[in-house]
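The model shown is predicted, which means the values in this text are computed figures rather than measured ones. Letters go in sequence order (proteins before strands), and every chain restarts at 1.
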2 protein chains.
Amino acid sequence: MAENIVQKLRDDIENGIVTNQFAPGDRLDEMQLAKQFGVSRTPVREALMQLSAIGLIEIRPRRGAVVVEPGPHRIYEMFEVMAELEGMAGSLAARRHTDADRADLLASHGRCEQSAKADDADTYYYDNELFHLAIYTASHSSFLVEQCTALHRRLRPYRRLQLRVRNRMKTSYSEHAEIVEAILAGEAELARTLLRQHIAVQGDRFSDLVATLAQR
Amino acid sequence: MAENIVQKLRDDIENGIVTNQFAPGDRLDEMQLAKQFGVSRTPVREALMQLSAIGLIEIRPRRGAVVVEPGPHRIYEMFEVMAELEGMAGSLAARRHTDADRADLLASHGRCEQSAKADDADTYYYDNELFHLAIYTASHSSFLVEQCTALHRRLRPYRRLQLRVRNRMKTSYSEHAEIVEAILAGEAELARTLLRQHIAVQGDRFSDLVATLAQR
DNA sequence: CCGTCCGCTCTTGTATACAAATTAGTTGAC
DNA sequence: GTCAACTAATTTGTATACAAGAGCGGACGG
């Protein structure tokens with residue numbers, strides 16, 4: 001077992017935060033975590049620092065780590081940036097996609113169709129991630145792929161909340177269809193606009209988000 | 001002295017990388033760095049992990065940390081994303097700027113004018129950073145500000161290289177003037193386009209970048 | 001009875017010791 | 001002479017021990 005311990009700790013704690021086992025505002029005690037996972041404080045500290053770098057927790061000097069709770073406004077801002085980056089990826093994808101990208105995009109779109117029709121939120125959630133990843137990849141900008149996946153990952157819990165809204169899944173899927181069409185047709189600006197609107201939390205969707213955040 | 005040690009190490013090592021004291025490809029030996037700074041390996045490791053999170057170095061399990069050298073193509077990709085984010089910030093700033101933002105923007109723009117006219121590259125480099133920061137701030141999206149400053153920071157060394165190109169400083173300044181005008185006039189899309197073009201490494205500027213990278 | 005100050009404890013930050021792995025060097029065999 | 005394998009040394013990863021700052025409680029004074 002190598003450095004994987006830190007990775008495993010990071011993933012486990014991150015998972016714990018996402019699933020609300022560690023609620024926002026909670027203090028993450030190093031010794032407690034160390035005992036809980038059967039390791040020493042050293043790898044725990046390293047894992048916490050990585051989570052701090054991602055932005056999931058905040059480490060205040062000499063005062064420990066606490067799970068951050070981004071307020072609705074901040075979450076809105078993050079989606080705003082995500083919308084822009086996804087729009088960029090879509091635009092580049094429209095211009096640069098290869099035959100392999102086309103196949104991947106259609107395949108993941110097909111899987112979304114299946115899970116949307118089956119009304120299976122969990123599967124759709126997963127397929128949706130792959131669909132968006134396919135767009136990132138088709139942009140052929142490795143740095144953009146990294147930025148997008150990082151932000152996508154960070155927004156994961158809230159994206160999941162959004163799916164709870166009635167009919168969001170079906171709406172999302174039909175938006176995907178237009179996006180695929182635009183990308184494959186090489187319509188860069190259309191793809192950008194559609195993706196931006198697909199991601200952005202505008203109008204009613206913002207109140208929906210706030211509402212679902214509250215009832216959590 | 002508290003956790004500042006890690007911060008200081010991080011800044012010093014980052015500075016060393018930026019100033020090419022630690023050349024790309026160099027192995028960063030933990031013990032050597034620890035001795036050099038008169039501390040133990042623990043804070044050095046933490047500083048290295050932070051640098052790894054930023055993307056300045058790469059840590060391969062059991063094989064140490066090496067300074068990464070982003071190839072020209074990757075640097076181009078990073079500027080491509082930066083251009084998009086700055087464009088977004090400019091667009092938001094055009095719509096949301098307050099009187100205070102207006103004053104800040106004009107002030108930093110004025111300082112750029114001074115240093116450009118004095119042909120002082122170092123001062124211009126610094127004033128230029130403040131100018132762009134003023135735009136980020138005027139967007140009134142704290143998350144966007146963070147993303148922009150992080151990427152801006154990472155691109156710092158290459159931005160500095162670009163200033164070496166003949167007349168780049170004057171050109172840059174005149175582009176700033178148009179950008180300020182667009183933002184203060186509330187022309188969101190114009191501001192976006194101008195900023196995108198201002199940042200993007202397109203056409204000749206890419207070959208200039210490659211050339212300056214090579215002669216470093 | 002309330003407020004402030006001093007001290008104790010608990011937690012974080014740093015150092016060092018120990019374990020495991022990788023790499024390089026040397027030796028032996030083909 | 002070259003290649004491969006084994007061993008030793010260097011270096012990373014983890015644990016533990018030690019130091020120092022922050023929070024909390026009790027005691028003393030007003």
Is the shortest side-chain heavy-atom distance between Phe79(A) and Gln162(A) below 4.5 Å?
yes
Distances under 3.5 Å between protein N/O atoms and the N/O atoms of nucleotides 22-25 of chain C, please, pair by pair.
unit_1, atom_1, unit_2, atom_2, d
dT23(C), OP1, Arg63(B), NE, 2.9
dT23(C), OP1, Arg63(B), NH2, 3.4

Rounding to the nearest 10°, end axes of the helix from dC1(C)-dG30(D) to dC30(C)-dG1(D) built from five pairs each make an angle of 0°
Strand contacts (DNA chain C) in residues 29-39 of chain A, 4.0 angstrom heavy-atom criterion:
Asp29(A), Glu30(A)
Nearest heavy-atom pair of Ala188(B) and Ala94(B): which atoms, and what distance?
CA-CB, 3.6 Å
Closest to the Thr42(B) side chain, choosing from dA15(C), dA15(D), dT12(D):
dA15(C)
Rounded to whole Å, the CG-P distance (Leu9(B) to dG13(C)) equals 14 Å
For the pair Ser115(B) and Asp127(B), evaluate side-chain hydrogen bond (donor to acceptor under 3.5 Å, both in side chains) and give the outcome as yes or no after the intermediate values.
CA-CA 8 Å; Ser115(B) 39; Asp127(B) 291 334; 3.0 Å; yes
Any idea how His132(B) and Tyr136(B) line up, ring-wise: parallel (<30°), tilted (30 to 60°), or perpendicular (>60°)?
tilted
Checking side chain to side chain contact (heavy atoms under 4.5 Å, CB included) between Leu33(A) and each of Leu9(A), Leu48(A), Asp12(A), Val39(A), which is the one that passes?
Leu48(A)
Shortest non-hydrogen separation from Arg154(A) to Gly55(A) and the atoms involved
NH2-O, 3.7 Å
With a 4.0 Å limit, can you tell me whether Arg45(A) has a side-chain N or O closer than that to the phosphate oxygens OP1/OP2 of dG13(C)?
yes
Lys8(B) has an atom NZ; how far is it from atom P of dT14(C), in whole Å?
13 Å
Quickly work out the Arg41(B) CZ to dG13(C) C1' distance and round it to whole Å.
16 Å
Between P of dG13(D) and CE of Met49(A), the distance in whole Å
14 Å
Worked verdict on Glu30(B) versus Arg45(B) for salt bridge (charged side-chain N to carboxylate O under 4.0 Å, His left out):
CA-CA 7 Å; Glu30(B) 294 177 0; Arg45(B) 281 181 64 82; 3.0 Å; yes
Just distance, no hydrogens or angles: give the donor-acceptor pairs under 3.5 Å from side chains in residues 202-209 of chain A, sequence neighbours left out.
unit_1, atom_1, unit_2, atom_2, d
Arg205(A), NH1, His198(A), O, 3.2
Arg205(A), NH1, Ala200(A), O, 2.9
Ser207(A), OG, Asp204(A), O, 3.0

With sequence neighbours excluded, residues passing side chain to side chain contact (heavy atoms under 4.5 Å, CB included) with Arg96(A):
Leu92(A), His140(A), Ser141(A), Glu80(B)
Sub-4.5 Å side-chain heavy-atom contact between Ile5(B) and Phe37(B)
no
What is the distance, to the nearest angstrom, from the CD1 atom on Ile59(B) to the C1' atom on dG13(D)?
12 Å
Between dT11(D) atom C1' and Leu48(B) atom CG, what is the distance in whole Å?
13 Å
Just jot down the ring-ring contact (aromatic ring centres under 6.0 Å, His included) partners of Tyr173(B), sequence neighbours excluded, or say none.
His109(B)
